[in-house]
Amino acid sequence: MLFKQLICGLILGLCSGILVISALESDFTLRELAERNNLYVGAAVYTTHLDNETHAELLGREFNMLTPENEAKACELQAVQGEFNFTRFDRLMDYAEEHDMAVHGHTLVWHQCAPAWLEGDFTREEGIEILRDHIMTVVGHYKGRIPIWDVVNEGIRDNGSGLRESAWRTLVGDDYIALAFQFAHEADPDALLFYNDYGIEGMGAKSDGVYEMISELLEQGVPIHGIGLQAHITLDATAPGRQLSSESLAENMRRFGELGLQVQITEMDVRYNGNASQAILEHQAGDYRRMMEACLDSGYCTAFIVWGVSDNLSWLRYWNNETPTVEPLLFNEDYEPKLAYYALLDLLARRAGEEAILNDEELAKILGEIEVEIEIPEATKSDPAQLAPDSVDGLVYYAPFPVAITLDGNSEDWENVPRVTLDKGTTIPEGNDTFLTFAASADDTNLYLLAEVQDSTLIYGVYEAAAEWYLEDSPEFYLNATGDLEMTSYSDGVAQIAILAANIISPSEPIIGGFNSSTIPVDAIVLETDDGYIVEASVPLQTDVWTIEPGHESILGFNVHLNGASNLDGRDVKFIWSIVDTQDQSWTNPNMFARLVFWDVNEG
Ligand code: XIL
C-alpha cells in the first residue's frame, strides 16, 4: 500500500505533515511470537556479556536460540594442539539450557580463528587426523545438546570462483569441506549440519558459487542439511530493486530449499554510513522486516539470528575500528527495543493473527512506501532581467535554457541565471561561515551546474575519494531524470553527483563521488577563489542512462547539498536545499529531491 504526503508550494504555510512514529509497546516478546510462527529467533552472545544482568535477562526473555559469538571457534577451543578448553562454551551451553534456548553451534572450520599451530609441518594424513580429532572432540562433547552446527564457515571466495585460502585447506586439501561434514555427522548423527557464509543472501556470483559447490557435495552424498545466510548487510540493501530485493531473496532461498536444505538467517546486522538519524533507524527497521518476511515466506527458513543483542556490544564497533558508534542491532545501548525490534514483532504478530503493533501508515514509512508529492506553484519573476522565474525556496529551481556555459571557473557567463544560497541543513555549527550558492542552466547538449562556495578552511584530499568523499568539502547535485519523481530508491536515471573540492589539485579526470555518478560522464572544473572555491560542471543530456530534453516547464527531480569540513576530523557542515529532505536521505531516496523546472528564455 502506498501512502502519499503532499508538500505544498505556498511560500507561507507549507503543508508538509511529516509522520512521527509514536512510542510502541507490546504484550508479547519476540520469542513468544517467533514460536507462534514456528521460528527460532536467535542472537549471538559472548560469555562476558552474560556478566551484565540486563543483557543476560533480556537474551533469555527475547530469544529462543543462541549462537556462541566466538567460544566455539577453533582458536578458542584448541589454542594448543590436543588441549581443549570448553570452560567458556560450557557456560553459554548451561545458560542456554537454563533458558530453554537452542544452541546454533558456530563454527567448526573457518579460515579465521584457525589456531596458529595448524600451519605446522604436517602430512595430508596427519592433517585429516587433526580435522577429525577437532570435530569429533567438539561435536562429541556436546552430542545431543546442539541441534545445529555451522560445520564450515566462509569457504568460498568473494567472487564465487572456488575455494578461499585457509589453513584447513592447506592442511588437508580441497576435500576438507566434504571431510568436515562427514566427521561432524559421525560425531553426532542427529545434528543438522550447515554451511554458513556472508554475501550469499540473494542471487549473485557468490551465492551461485556456493550453490554449485553444495549441489556437488550433496551429489557425492556429503551430509549437508542447511545453509546459513549471514546477512551482515548495509542499510537499504533489501529495498525494492536493490541487490537483496524480496524477489532475489526468495529465489535464492528457494533454490537452496529445493536442494533439501534448511535455510537460516544466521548473523544479521544492518550497518550504514554516518550517524544514526531517525530516518536511518526507520530504514534499518525496514531491512530487518523485509529479511524476516523473506524468511517466513520462503517455507524453508527455520531461524532468524542477529549478531548480538545491544548496539554497544556489536562486533561492528570494534572490528577494524571504523564505525565505533554504529547502531546495527535490535536494542540500543540502554537495552531499549529499537524500531527494528518492533518492525519484527509487528510482522510476527500479524502472521500469528494477533493485533498489529505498527499502524499501516507507520509500516509504510518504515518500508519507504510513503511518497512525497510536490505541487509546483505558479511561476513569478521579480526581476525582468533574470532569465528564469524566482526559485521557490527548497522546492523549485527554474533553470533557463538555452544558456551555454564554458567550464573555466569564471562565473561571468552565469549572469542573470537565478542564484540560490542554501540556508538550512542537518548540521550547521554556531558561527558557521561556510555557504553554497548554486545555479543551473542548459543548452542542447548539457545541463550546467554552478556552485560558488564560501569556505575559509578548505579540506580536501584527506579521505578516500571513492568511499568517504562526503567527509570533506564537496558540493553535491542530485538528479532524477526518469520521469518517475516519486520513486523511493535509486535506479538508472537517478544520480548523486558530488564534485569534490579535491578537484582543485586539477586532476586530468574529474573526481566525482556519489551513488550512480559513474553512470554519467560529468565534466567539471574546480578552482580556489578569494573566499573559497568555485565549481562548474557539465552533465550530458544524452547518456546511456537518460535522455533529458529541456522543454519549457519540463521537470527533473533535483537537490543540492554541501558537505563542509573545518578540520581534519571530518564533515561538520551539512546544508540541504530540498525542504523535503529533512533527514539527509537524498543519497538513498530520490523521493526526497525537490524540482528543477526548465524555462525557455524565449518564453519570457
Ligand atoms: C566475529 C565476532 O563477532 C568477533 O567478536 C570476532 O572478533 C571475529 O568474528 N562472520 C562470522 C562470525 O561468521 O564468526 C564473525 O564473528 C563475524 C563475521
Side-chain angles (χ1 to χ4, degrees), residues 42-52 55 59 63 65-79 88-89 91-92 103-116 134-135 138 146 148-158 163-169 176-177 180-181 184 193-201 206-207 209-210 214 224 226-234 237 244 263-271 291 303-331 333:
V45 60
Y46 203 50
T47 353
T48 52
H49 300 166
L50 295 181
D51 297 339
N52 175 331
H55 197 106
L59 178 71
F63 299 92
M65 178 175 264
L66 165 167
T67 304
E69 186 165 342
N70 291 298
E71 285 72 358
K73 293 170 182 172
C75 68
E76 303 261 343
L77 287 179
Q78 199 188 172
R88 297 196 304 145
F89 195 178
R91 181 171 171 208
L92 290 183
V103 170
H104 184 112
H106 171 86
T107 173
L108 297 169
V109 175
W110 188 27
H111 66 285
Q112 285 185 39
C113 198
H134 181 76
I135 292 176
V138 175
I146 294 191
I148 292 159
W149 273 105
D150 286 341
V151 176
V152 176
N153 193 35
E154 304 177 353
I156 294 279
R157 287 206 193 105
D158 283 350
L163 300 181
R164 168 202 294 283
E165 288 308 321
S166 137
W168 292 104
R169 182 180 175 203
Y176 81 102
I177 295 184
F181 278 95
L193 307 181
F194 275 58
Y195 174 84
N196 189 53
D197 214 329
Y198 63 88
I200 59 162
E201 299 78 18
K206 185 166 180 186
S207 60
V210 170
I214 293 187
I224 304 180
I227 177 87
L229 315 177
Q230 291 187 5
H232 293 290
I233 67 169
T234 301
L244 302 182
V263 177
Q264 300 195 343
I265 305 300
T266 52
E267 307 186 11
M268 182 145 179
D269 46 28
V270 181
R271 68 183 84 185
M291 189 63 82
F304 186 95
I305 306 166
V306 289
W307 205 244
V309 173
S310 60
D311 288 333
N312 53 311
L313 295 173
S314 161
W315 73 302
L316 294 171
R317 291 214 172 177
Y318 53 85
W319 174 77
N320 86 14
N321 276 336
E322 273 175 13
T323 51
T325 58
V326 68
E327 299 173 18
L329 294 168
L330 300 180
F331 294 88
E333 56 190 35

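We count ligands from 1, going down the list as the structure has it; atoms in each ligand are counted the same way.
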Notebook entry, point to check: In terms of the angle between their ring planes, are Trp168 and His134 parallel, tilted or perpendicular, with boundaries placed at 30° and 60°?
Noted result: tilted
Note to self: If we count only N and O atoms by modelled type, under 3.5 Å, do the side chains of His111 and Glu165 hold a donor and an acceptor together?
What the structure shows: no
Margin query: Using a 3.5 Å distance criterion without hydrogens, assess whether the side chain of Gln230 forms a donor-acceptor pair with backbone atoms of Thr266.
Written below: no
Check: For ligand 1, what is the set of protein residues having any non-hydrogen atom at a distance below 4.0 Å?
Finding: Glu69, Asn70, Lys73, His106, Trp110, Asn153, Glu154, Gln230, His232, Glu267, Trp307, Trp315, Tyr318
Next item on the list: Have a look at Tyr46 and tell me which of Asp51, Asn70, Leu313 forms a side chain to side chain contact (heavy atoms under 4.5 Å, CB included) with it.
Entry: Asn70
Notebook entry, point to check: Between Asn153, Thr67, Val152, which is the residue that forms a side chain to side chain contact (heavy atoms under 4.5 Å, CB included) with Thr107?
Noted result: Asn153
Notebook entry, point to check: Who pairs with Asp311 by side-chain contact (heavy atoms from CB on, under 4.5 Å), at least two apart in sequence or on another chain?
Noted result: Arg317, Glu327, Pro328, Leu329, Asn332, Lys338
